[in-house]
Structure formats: C-alpha cells, structure tokens
Trainee: 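My questions will all concern the structure given below.
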Amino acid sequence: MKKKISIFVIALLLSVALYHSVYFEKLDVKKERESTKDFNPVEKVDYFWKHELDDSFESALDLKYFDSQLADNPESLMRQHGKSVGITSTFCFLVNGTAIMNEQDADDLPVEIANSNAEYSLQIKYIFGNTARDALGFFDIADFENTMDFNAVAREVNRRIRKNEISKLDSLSLGSKIVFVGAVALNSERIPDEMDIVPLKIKAIQ
C-alpha cells in the first residue's frame, strides 16, 4: 500500500513539474513578440519612403508663410501645423523653399526668403536628432515597443537623407539654386532668430 502511495505521489509531482515547464501563449501574442524581436528600422523606413513620403510632403508649409506666422502668431502656427511627440515644448514642421549652393563642402546652405523675420539655413553635413522623423508625422511612438526602436527609426531616416538627398549636391556647381522640402523644429518657450532646416527632398533647378 505504501509503495502505491509513493508511486502516486511521485507521479503527481512529475505531472506538476511538467505542467510548469511547458509555456503556453496565444498565437497573436506570439506573433507580436516575434515581430518586436525582429524589428527592423531599415524595413520600416523603406516602406514609408516608398509608399508614404510624397503624401507627407503635402502638409509642407511655404517657408515665407511659416516665417510670417512665426513672427505674428507663433502659438497659432504650432497649434495648427506643429507635430510633437509626447508632452514636450518642441514642435516640428515640414516646410518648402529654395537655397543657394554658395560653396563646396559647406556645413549648411543659405535659404532664400525675402524680408524674413529669422535666418534659415539648410543643413547638409550634420544630420542627426529626431526633427526629420517627427516632422513627417507618420511614426507614432505608441506604435513602438520601446524608445530604442523609435530612436532607431530616427537614425535610419537621417541616414536615408544623407544617402538619397545630400549626395545629390556633389554634382552641383556653385551658384546652383535648390528647391527643397525640409524639417524644422521650434521650441515654444523660445522663438529663435536662426533656424536650421533638415532637408528631406532636394532638387536642383536650372
């Protein structure tokens, strides 16, 4: 009798141990976990560049309009057209305008705008930060598992800008005029006199 009880207890313990050693999860949870593990910022940005980029450009403001609103009614400008991520005082915008190729190997190019209230320069050497990603308004932090992946997208967007757009300047001669769509960041707590624009699209005009 004691032998039967011992066998039963051993079998029960083995069953409990086996139950806890097997991991069950729903199929949709498994897919989400695997997609997070396999997150690829290159693929995500590549999809956007092929399918969504041109549509995003439709929200770009003429730089002259942006400049006048920045001087006359910055609160309205930020409320109506600014894009922000989370709780922040920084708002990002898409703008379009023209710049002049005034020197080779420059860090930036002067932007043409008559009687402007601020000075604008097109950044063509140091492309970093989140301005381009956030101004596009496509990438939502809520869609990402963590901030590391969200920031990886910003780095890939910047890399794509350097590869696809900045490289176009190598073939341009001095004095060439450029039309661009770019991203600019504005801090609502301090309206600057000088603003940097990150180019998202560059095209030389004859």
Trainee: Please collect all salt bridge (charged side-chain N to carboxylate O under 4.0 Å, His left out) contacts where either partner lies in residues 108-131, sequence neighbours excluded, each pair once.
Mentor: D107-K125, E112-K177
Trainee: Could you report the tightest heavy-atom contact between L186 and P192, atom names first, then the distance?
Mentor: CD1-CD, 3.7 Å
Trainee: Where is the tightest heavy-atom contact between A154 and G129, given as atom of each residue plus distance?
Mentor: CB-O, 4.0 Å
Trainee: Tell me the ring pair (Phe, Tyr, Trp, His ring centres under 6.0 Å) pairs involving residues 149-177, sequence neighbours left out?
Mentor: F144-F150
Trainee: Nearest 0.5 Å please: distance from the CD atom of E75 over to the CD atom of Q69.
Mentor: 11.0 Å
Trainee: Give, for atom CG of N40 and atom CD of E156, the distance between the pair rounded to the nearest 0.5 Å.
Mentor: 8.5 Å
Trainee: Under 4.5 Å between any side-chain heavy atoms of I127 and P199, yes or no?
Mentor: yes
Trainee: With a cut-off of 3.5 Å and sequence neighbours excluded, list every side-chain donor-acceptor pair involving residues 79-92.
Mentor:
from	atom 1	to	atom 2	distance (Å)
Q80	NE2	S76	OG	2.7
K83	NZ	A135	O	3.2
T88	OG1	T90	N	3.1
S89	OG	N187	OD1	3.3

Trainee: Are side-chain heavy atoms of F138 and R133 found at a separation under 4.5 Å?
Mentor: no
Trainee: On a heavy-atom basis, which atom in S68 and which in N117 lie closest, and how many Å separate them?
Mentor: CA-ND2, 4.1 Å
Trainee: Under the criterion side-chain contact (heavy atoms from CB on, under 4.5 Å), I'd like the reasoning laid out for D67 against I113: C-alpha separation, chi angles, the key distance, then a yes or no.
Mentor: CA-CA 9 Å; D67 179 74; I113 176 171; 3.6 Å; yes
Trainee: Counting C-beta onward and ignoring hydrogens, is there a side-chain heavy-atom pair between I197 and L63 closer than 4.5 Å?
Mentor: yes
Trainee: Would you sort out whether I161 and V198 count as a side-chain contact (heavy atoms from CB on, under 4.5 Å), showing the intermediate values?
Mentor: CA-CA 9 Å; I161 290 170; V198 178; 3.9 Å; yes
Trainee: State, with a plain yes or no, whether a side-chain heavy atom of P41 is found less than 4.5 Å away from one of D149.
Mentor: no
Trainee: Which pairs would a plain distance check flag for residues 168-175, meaning a side-chain donor or acceptor within less than 3.5 Å of a matching protein atom at least two apart in sequence or in another chain?
Mentor:
from	atom 1	to	atom 2	distance (Å)
K168	NZ	E165	OE1	2.9
K168	NZ	I202	O	3.0
S171	OG	K168	O	3.1
S173	OG	S176	OG	3.4

Trainee: What residues, two or more places apart in sequence or in another chain, satisfy side chain to side chain donor-acceptor pair (under 3.5 Å) together with N96?
Mentor: none
Trainee: So which atom in V111 and which in L122 form the shortest heavy-atom distance, rounded to 0.1 Å?
Mentor: CG2-N, 3.7 Å
Trainee: Who passes side chain to side chain contact (heavy atoms under 4.5 Å, CB included) against K203, sequence neighbours left out?
Mentor: V179
Trainee: In Å, rounded to the nearest 0.5 Å, how long is the span from CG of L136 to OG of S59?
Mentor: 8.5 Å
Trainee: Sort and list the pairs that fulfil ring pair (Phe, Tyr, Trp, His ring centres under 6.0 Å) and have at least one residue in residues 109-134, not counting sequence neighbours.
Mentor: none
Trainee: Roughly how far, to the nearest 0.5 Å, is CD1 of I205 from OG1 of T98?
Mentor: 7.0 Å
Trainee: By side chain to side chain contact (heavy atoms under 4.5 Å, CB included), which residues pair with D196, not counting sequence neighbours?
Mentor: S121, Q123
Trainee: Could you tell me the separation between the NZ atom of K163 and the CG atom of N158, rounded to the nearest 0.5 Å?
Mentor: 14.5 Å
Trainee: Answer whether the closest heavy-atom distance between the side chains of L94 and L61 falls below 4.5 Å.
Mentor: no
Trainee: According to ring pair (Phe, Tyr, Trp, His ring centres under 6.0 Å), does anything in residues 165-203 pair up with another residue at least two apart or in another chain? List the pairs.
Mentor: none
Trainee: Salt bridge (charged side-chain N to carboxylate O under 4.0 Å, His left out): which pairs involve residues 178-195, sequence neighbours left out?
Mentor: none
Trainee: Is the closest side-chain heavy-atom distance between I191 and L70 below 4.5 Å?
Mentor: yes
Trainee: Using the salt bridge (Lys or Arg N to Asp or Glu O under 4.0 Å) criterion, which residues pair with R155? Sequence neighbours excluded.
Mentor: none
Trainee: Considering non-hydrogen atoms only, spot the tightest contact between S116 and A118 and give its length.
Mentor: OG-O, 2.8 Å
Trainee: Counting only pairs under 3.5 Å, give me each side-chain donor-acceptor contact of residues 44-55, with atom names and distances, residues two or more places apart or in other chains.
Mentor:
from	atom 1	to	atom 2	distance (Å)
D46	OD1	R160	NH1	3.4
D46	OD2	K50	NZ	3.1

